[in-house]
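Side-chain atoms are counted along with the backbone in the values below, which use heavy atoms only and exclude waters and symmetry mates.
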Amino acid sequence: MTRTDSLVEQATRWIATRASRRSFLGRGARVAMLVAGGPVLAGFLTEGRAEARVCGQSGVSPKCPTYDCVGPDRVWGWCWYANGGACCAGGGLKKICDCCVTNWPNVHGYCPSGTNVMCIVESCWADPRVQTVPLARVGDGSPVATALDVSRRRFANGSAPAAVVGDADDALAASVAGAAAGATARPLLLVARAGLAPAVVDELRRLGATSVTTVGPGLPASVDGYLRALGLTVERVGAPGADLGASSVDVARWVQQRTATDRAFLVAPGGVSAAAAPSIAAAAGAVRAPLLVGGAAAQALSAARTYLAGPEAIAEAGSVAGGYPLDATDAAALARIAGNAATLVENRTAIAAGAAPIGTAAAVGLAGIGGVVVLHPGGALDDANAQWLRDHQSQLARGWCAGGAGTLGDKGYYDLQSALNHFDAHRLIGVSGQGLPVISQPLAEREIGRARLTGTPARDLNAGYWVGRANPDR
């Protein structure tokens, strides 16, 4: 590199950190530098700076992969607004906010002093810097790790003297345990029949657990013995080796004694009903009800209302007194219908929402959240699930995204955050090149959580369109 090229690059990096990406003068200066600096400078400007402009965005900073701006040296900057209502379907006000990083080699944008724009987030409704429904990725795709992660995030150190331990090797038995844990607001921990993983033991100690309830006839008595050897009081509900349907009745009566519920949910041992069992268990936990397996179990418990989940459960127990059919031909639709039973029929609010790939074991680890678990195609949040979440935003208090194979990638995670928090990313419109006009965020609306939700913002004195760092109201 010649000395001239070196000086040109240094000057360009200085401009990149000092001029706004929304500054005509700053962009003009960089173009002039490009002509003077040649290939060296061209490489710097094109690296990760694709011109991917959409309506209301006049710059070259990339879009953030998620709505999170957390981590070392990261901080939210201010927002700016697309002028008018042309950038969001339905006339909503589009907001574009900067995620800033200390000394990041990019334009300064709307960032605090000493930080520059790493990426931007966009929304059509709520302030994208504020997530009223926090979302977390949990687990590695296995039921054991997923349940552990949920427990760690839900319960503080020493806050859960009692826990429910379920069978990680049987999805139906684990779902029965999950409903019991959700109904009684206890952590759900899943263990393999071969023995407790060290991480499960560590979690029981962190929780401050002094007693556990083991659920699942497939769990051998040796598991109970190991738990007792740890100094825990162990209560077994459902004898080892018993029929799962009969065991689920025992668990249901255990739940009834602690919640006084007259509700129950029923799944069949196979078909669509069994495939959606973790979601049915989560919905049951939300209304403090147990999960039964098989038509005979519904007859034995004889609850005042029994939600019959799926065509197989309806066929097995369609004549049960108080039967309430939840019918669907696929597991994802049945999961949403079970969510409707919890939120619309039972009118439960402030519940959790989980998302897991269809047909994966990870969903079992979410069974104990006491809420709804939507089942999505691998890697994507489909339109039906996204719309269901948007329709129930007021009732959802926290979100979980199960990891492992088929989990939501950045795009799916972004869509899930949007659906939970009313960011309405599905309403964003515009094509490449539609950059201007935009309006600087007024001073009164720059504080996080104060971004305008609707209407055109009033302009501050000396404010208006961004023109550069000389604008005191930038």
Side-chain angles (χ1 to χ4, degrees), residues 61-81 88 92-101 109-112 115 117-139 149-150 152-156 282 339 343 349-356 366 369-374 376 380-381 385-403 407-428 441 445-454:
S61 292
K63 183 177 178 179
C64 298
T66 71
Y67 284 95
D68 300 297
C69 184
V70 295
D73 299 324
R74 294 188 184 186
V75 62
W76 280 115
W78 298 326
C79 302
W80 46 292
Y81 302 114
C88 288
L93 179 65
K94 180 177 179 180
K95 291 165 286 298
I96 305 101
C97 302
D98 291 337
C99 178
C100 311
V101 176
Y110 288 81
C111 291
T115 65
V117 180
M118 181 183 71
C119 58
I120 61 172
V121 295
E122 305 169 332
S123 74
C124 279
W125 184 250
D127 185 338
R129 300 168 297 175
V130 179
Q131 293 191 51
T132 56
V133 182
L135 177 65
R137 292 188 188 273
V138 289
D149 261 6
V150 172
R152 289 168 185 147
R153 294 172 183 269
R154 283 184 66 197
F155 297 92
T343 58
T349 60
I351 62 176
L366 295 175
I369 62 174
V372 296
V373 174
V374 296
H376 60 79
L381 183 70
N385 280 327
Q387 187 59 53
W388 191 94
L389 292 167
R390 288 193 290 267
D391 289 343
H392 295 80
Q393 284 165 336
S394 63
Q395 294 168 294
L396 306 178
R398 186 160 189 173
W400 309 98
C401 177
T407 190
L408 295 176
D410 282 343
K411 174 61 165 61
Y413 194 77
Y414 179 87
D415 290 339
L416 180 55
Q417 287 177 311
S418 174
L420 288 172
N421 288 278
H422 210 336
F423 295 148
D424 286 2
H426 63 294
R427 294 183 181 273
L428 293 168
Q441 188 182 32
E445 298 175 13
R446 291 178 186 172
E447 181 182 346
I448 292 177
R450 296 292 298 277
R452 182 178 295 265
L453 301 183
T454 59

Donor-acceptor contact below 3.5 Å, side chain [X] vs main chain [Y]:
X      : Y      : value
Gln441 : Tyr81  : no
Thr115 : Cys100 : no
Tyr110 : Ile96  : no
Thr132 : Asn421 : no

Is the distance between the SG atoms of Cys88 and Cys124 less than 2.5 Å?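 Yes, Cys88 links to Cys124 through a disulfide.
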Original post:
For the Cys pair Cys97 and Cys79, is the SG-SG distance shorter than 2.5 Å?
Top reply: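 With an SG-SG separation under 2.5 Å, Cys97 and Cys79 do form a disulfide.
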Set of residues satisfying side-chain contact (heavy atoms from CB on, under 4.5 Å) with respect to [X], sequence neighbours excluded:
X      : value
Val101 : Asp73, Arg74, Trp104, Met118
Asp415 : Leu381, Lys411
Ala126 : Phe423

>> Can you list everything that forms a side chain to side chain donor-acceptor pair (under 3.5 Å) with Arg129? Sequence neighbours excluded, please.
In response: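 Testing Arg129 for side chain to side chain donor-acceptor pair (under 3.5 Å), a comparison that skips the adjacent residues, returns Asp127.
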If the condition is side chain to side chain donor-acceptor pair (under 3.5 Å), which residues does Trp125 pass it with, not counting sequence neighbours?
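Partners of Trp125 under the side chain to side chain donor-acceptor pair (under 3.5 Å) test: His422.
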Using atom types as modelled, flag every donor-acceptor pair under 3.5 Å from a side chain in residues 394-401 to any protein atom, sequence neighbours excluded.
residue: Gln395; atom: NE2; partner: Thr343; partner atom: O; Å: 2.9
residue: Gln395; atom: NE2; partner: Arg348; partner atom: O; Å: 3.4
residue: Arg398; atom: NH1; partner: Arg153; partner atom: O; Å: 3.4

Distance, nearest 0.5 Å, that separates [atom1] of [X] from [atom2] of [Y]:
X      : Y      : atom1 : atom2 : result
Arg427 : Ser123 : CZ    : OG    : 12.0 Å
Arg450 : Arg452 : CZ    : CZ    : 10.5 Å
Leu93  : Leu453 : CG    : CG    : 8.5 Å
Gln131 : Leu420 : CD    : CG    : 8.5 Å
Leu135 : Asp68  : CG    : CG    : 7.5 Å
His376 : Thr407 : NE2   : OG1   : 5.5 Å

Any cation-pi pair here, Arg137 with Tyr413, using under 6.0 Å and within 45°?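 Cation-pi check for Arg137 and Tyr413: passes.
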Of the non-hydrogen atoms in [X] and [Y], which two are nearest, and what is the gap between them?
X      : Y      : answer
Leu366 : Ala355 : CD1-O, 3.8 Å
Ile369 : Val373 : CD1-CG2, 3.9 Å
Val117 : Gly109 : CG2-CA, 3.7 Å

side-chain contact (heavy atoms from CB on, under 4.5 Å) between Asp98 and Trp80: does it pass, once the steps are laid out?
-> CA-CA 9 Å; Asp98 291 337; Trp80 46 292; 4.2 Å; yes
Mind running disulfide (SG to SG under 2.5 Å) on Cys119 and Cys99 for me, showing each step along the way? CA-CA 5 Å; Cys119 58; Cys99 178; 4.4 Å; no
Could you go through Trp76 and Val130, starting from their C-alpha distance and side-chain angles, then the distance that decides it, and tell me whether this counts as side-chain contact (heavy atoms from CB on, under 4.5 Å)? CA-CA 10 Å; Trp76 280 115; Val130 179; over 6 Å; no
Just do the side-chain contact (heavy atoms from CB on, under 4.5 Å) check on Val133 and Gln393 with the steps written out, would you?
CA-CA 9 Å; Val133 182; Gln393 284 165 336; over 6 Å; no
